Amino acid sequence: MQGNFIERHIQEDLGADTQRLQTRFPPEPSGYPHIGNAKGIWINFSLAAQFGGKCNLRIDDTDPTKENMAASVEALKDGIRWMGFKWDGFFYASNYFDKLYEFAVTLIKKGKAYVCDLDGEQLRDYRGSFTQPGKNSPFRERSVEENLNLFTRMKAGEFENGARTLRAKIDMASPNMNMRDPVIYRIIHHEHYNAPGWCIYPTYDYAHPLSDAIEGITHSLCGVEFEDHRPLYEWCVENVGGFDPAPRQIEFGELNLTNAILGKRFIRKLIEDGVIGYWDDPRLVTLAGMRRRGYRPAALHNFFEAAGVAKSIANVDISVLEQFVRDDLAQDSKVVMAVLDPIKLVITNYPEGQTEMLEMPNNPKNPEMGTRQIPFGRELYIEADDFTETPPPKYHRLYPGNEVRLAGAYFVTCTNVIKDESGKITEIHATYDPATKSGSGFSQRKVKGTIHWVCAERAVPIQANLYSYLVFDDENAEEGFVFNPNSLVVAENALAEPSIKQAAPDDRFQFMRNAFFCLDAKDSAEGKMTFNRIVELKSSFK
RNA sequence: UGGGCUGUCGCCAAGCGGUAAGGCAACGGACUUUGACUCCGUCAUGCGAAGGUUCGAAUCCUUCCAGCUCAGCCA
């Protein structure tokens, strides 16, 4: 059986009974999910779907001091739904505080946990270092009765924050720091928004494996960063005991998107500094941001599928993501023309004052999407890039003497170039051949190049503000034109989202070459923040 | 610095002792109303390095190198 290593583990563990698979996605509610988190969502949910198993959404809210919980939970739910997944169970780790407390009592009774009076600094001292083993806490050998008594009083609120902790009794000499008697309960006098009445809270290392066990999770899939925690995960499950199935933690390599803005800490800072709008800023690869940019979930699924699942950390460039976005959009999006860097093309043998309407397919790959009428006239704008006076080898676009096709219109031959006194090209002159009209069946000669264009009379300049986007050239939007230099793809659904109108600027070719956003010249003049600038900022951030 | 993990083409990634899958990118060609799309074809005597075991090694052993990660009462 082919498949990634996680799929193989699942099959080995579950045999023919793969529908027993139970996974979970356990985010901490602190910020909006981004594409990195989305990989975890995708792995857990799609594996469950693939094997006929189940996947829970569990909010890991063991730390009551974290802020912004409610909003984050909604963002998480939105993101998961948007990706097309449904959770089978929805829980909070805080739902299990009672049980977790009982488990801790069990551990104490088994002599596996003890109340420690060391403070934070002492704890660090006693823990030792990478090269030196830790020292046993002087409180390590307290009697079960004393531990029980103290732990009860911790719960009752008799002690101050940080005065005591409950620690797992494992091995202070372990080379794995996580096993040096980790703290499993701490005193925090802070009301939990979802679980009132507590002043002691379990730590992640303790709550996570046991929450998995309580929910009957069979496979706990997480990032490789938790690899060192696996022995402790297993220790908790085994020493509390009695779980069937006992959950198994398997780690996968996280996704690292290069040239993208990732990392909640950094995003938060950008928002605080006013550099970007909010978590759903389209320049971000948060689920909300990508959604506003018109990405669709299928693109993400395909992307993750192609990137694969392995133990090494994948370093994928954002252009690969964009490739998948384009592939997805190209299927059924409206394809339109626009010019980003215009230069005037005058068709000297076309009657002055005349305009005609030409028919263009909405999507060349998909004739069922119909056609639209676009205006054509004597004066057009073409892409400055599509003309050169000195063509390099294999240049098939417009240059003096060369004939090209204007997409959806006629063949034109460049006759000459008009320049101003500084030598800058102001107009390109050409003649057209009426016989070559699109759809006429003309086949006497062929051209190597086809270029896009817009009718000068009907074109409208791009709006000059930071968060502008270009408008369609279809019947509903005569005001302007959207352009995609290569794939000519525009996401119709993106423009359906009202918020998209506030969307991103950015370096149009660097950021998303074929997207529907553009950087306005005035923005750069004013020094407003562009995507590349943010990436620079990011590298200086750490 | 001790531990753990990772290291196979520019980027991902199969491979699990029997003689290096696949995808993306790139390149060559065909086709084409954009150079996109599509279709053909090319693309690792090589698997971080060096030794060793074996008839045979990316796969086993040894040593070394590089990257990531761990010393929160965060997750």
Side-chain angles (χ1 to χ4, degrees), chain A residues 2-5 8 26-30 60-63 65-66 93 116 118-120 123-125 127-134 161-167 174-180 182-188 200-205 207-208 222-231 251 253-256 258 264 302-303 305-317 319-320 323-324 326-327 330 335 337 360-361 364-365 383 386 394-397 404-411 436-439 442 446-453 484-489 514:
Chain A
Q2 276 288 35
N4 64 49
F5 74 102
R8 279 202 302 278
E28 175 192 28
S30 64
D60 227 320
D61 61 350
T62 51
D63 184 347
T65 60
K66 287 266 153 71
C116 182
L118 259 25
D119 66 25
L123 227 37
R124 201 177 322 123
D125 278 353
R127 191 155 31 229
S129 70
F130 289 151
T131 46
Q132 278 176 227
N161 282 181
R164 285 182 226 265
T165 56
L166 183 70
R167 296 224 266 159
S174 171
N176 183 344
M177 303 296 281
N178 293 304
M179 300 299 269
R180 318 248 262 224
V183 170
I184 59 176
Y185 261 94
R186 30 14 158 162
I187 300 169
I188 304 173
I200 57 171
Y201 295 94
T203 56
Y204 164 86
D205 278 319
H208 188 78
C222 62
V224 285
E225 52 174 324
F226 292 109
E227 205 148 25
D228 291 343
H229 297 245
R230 191 171 60 225
E251 308 85 12
E254 294 93 339
L255 173 69
N256 185 209
T258 56
K264 288 180 177 171
N302 296 340
F303 171 69
E305 190 83 45
V309 178
K311 272 201 100 162
S312 56
I313 295 175
N315 232 270
V316 183
D317 194 88
S319 63
V320 177
Q323 176 69 234
F324 280 90
R326 260 176 264 135
D327 285 349
V335 174
M337 292 192 291
M360 279 282 275
K365 291 173 89 172
E383 206 66 52
D386 285 341
K394 297 202 171 185
Y395 187 87
H396 295 142
R397 286 167 286 169
V404 299
R405 157 155 250 127
L406 292 176
Y410 304 91
F411 285 9
T436 59
K437 182 171 179 176
S438 174
F442 177 86
K446 299 196 174 223
V447 289
K448 287 280 222 178
T450 302
I451 62 174
H452 57 269
W453 51 274
N484 277 292
N486 283 341
S487 68
L488 300 170
V489 170
N514 305 317

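Just so you know, these numbers use all the heavy atoms, side chains as well, and skip hydrogens, waters and symmetry mates. Here the structure is a predicted model, which is why all the values come from computation and not from measurement. Residue numbers begin at 1 in each chain, while the letters A, B, ... track the order of the sequences.
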- Message: I'd like to know whether A/L118 forms a side-chain contact (heavy atoms from CB on, under 4.5 Å) with A/R167, so could you lay out the CA-CA distance, the side-chain angles of the two residues, the decisive distance to 0.1 Å, and finally the verdict.
- Response: CA-CA 11 Å; A/L118 259 25; A/R167 296 224 266 159; 4.0 Å; yes

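Classified by its glycosidic torsion, B/G72 falls in the syn category, the angle being within 90° of 0.
Under the Watson-Crick or G-U wobble criterion, with both distances below 3.5 Å, B/U59 is left unpaired in every strand shown. Nucleotide B/A26: paired with B/U42 (Watson-Crick or G-U wobble, both distances less than 3.5 Å). Across all strands shown, B/C73 forms no Watson-Crick or G-U wobble pair with both distances under 3.5 Å. Figure legend. B/G17 is base-paired to no nucleotide; pairs are counted as Watson-Crick or G-U wobble with both atom distances under 3.5 Å. Searching all strands for a Watson-Crick or G-U wobble partner of B/C5 with both distances below 3.5 Å returns B/G67. Across all strands shown, B/U33 remains unpaired; no Watson-Crick or G-U wobble contact has both distances below 3.5 Å.
Between A/R230 and B/G3, a side-chain N or O to OP1/OP2 separation shorter than 4.0 Å is absent. Look at A/K446 and you'll find a side-chain N or O under 4.0 angstrom from OP1 or OP2 of B/U32. For A/T450, no side-chain nitrogen or oxygen approaches OP1 or OP2 of B/G35 to under 4.0 Å.
Remark: A/K311 pairs with A/E227, A/E251 by the salt bridge (Lys or Arg N to Asp or Glu O under 4.0 Å) rule, at least two apart or across chains. Every residue two or more places apart in sequence or in another chain that forms a side chain to side chain contact (heavy atoms under 4.5 Å, CB included) with A/R127 is listed here: A/R124, A/M177, A/R180. The salt bridge (Lys or Arg N to Asp or Glu O under 4.0 Å) check on A/R164 picks up A/D117, with sequence neighbours excluded. Under the rule for a side chain to side chain contact (heavy atoms under 4.5 Å, CB included), the partners of A/P182 that lie at least two apart in sequence or sit in another chain are A/A168, A/I170, A/L232. Partners of A/D386 under the salt bridge (Lys or Arg N to Asp or Glu O under 4.0 Å) rule, at least two apart in sequence or in another chain, are A/R397.
Taking only distance into account, the side chain of A/R397 meets the base of B/G35 through a donor-acceptor pair shorter than 3.5 Å.
Spacing between atom CG of A/L255 and atom C1' of B/C68 amounts to 15 Å, rounded to whole angstrom units. Rounding to whole angstrom units, CG of residue A/L406 and P of B/G35 are separated by 14 Å. B/A13 atom C1' lies 14 Å from atom CZ of A/F303, rounded to whole Å. For the pair A/R405 CZ and B/G35 P, the interatomic distance rounds to 12 Å; values are reported in whole Å. Rounded to whole Å, the distance from CG on A/N4 to P on B/C16 is 16 Å. Atom CZ of A/F5 and atom C1' of B/A13 are 12 Å apart (whole Å). Distance A/N315 CG to B/C24 C1': 15 Å, rounded to the nearest Å. Atom CD in A/Q132 sits about 15 Å away from atom P in B/G3, given to the nearest Å.
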- Task: Summarise how protein sits on nucleotides 70-75 of chain B as a single string, 5' to 3': B when a protein heavy atom is under 4.0 Å from the base, S for sugar-phosphate-only contact, - for no contact.
- Result: BBSBSB

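Inspection of the A/T203 and A/D205 side chains reveals no N or O donor paired with an N or O acceptor under 3.5 Å.
Distance from the side chain of A/I313 is smallest to B/C68 among B/C68, B/G35, B/C12.
In this structure, A/G134 reaches neither bases nor backbone, as no heavy-atom distance under 4.0 Å exists between it and the strands shown. Using a 4.0 Å heavy-atom distance criterion, A/K394 is classed as a base contact. Using a 4.0 Å heavy-atom criterion, one finds that A/V404 contacts no nucleic acid atom at all.
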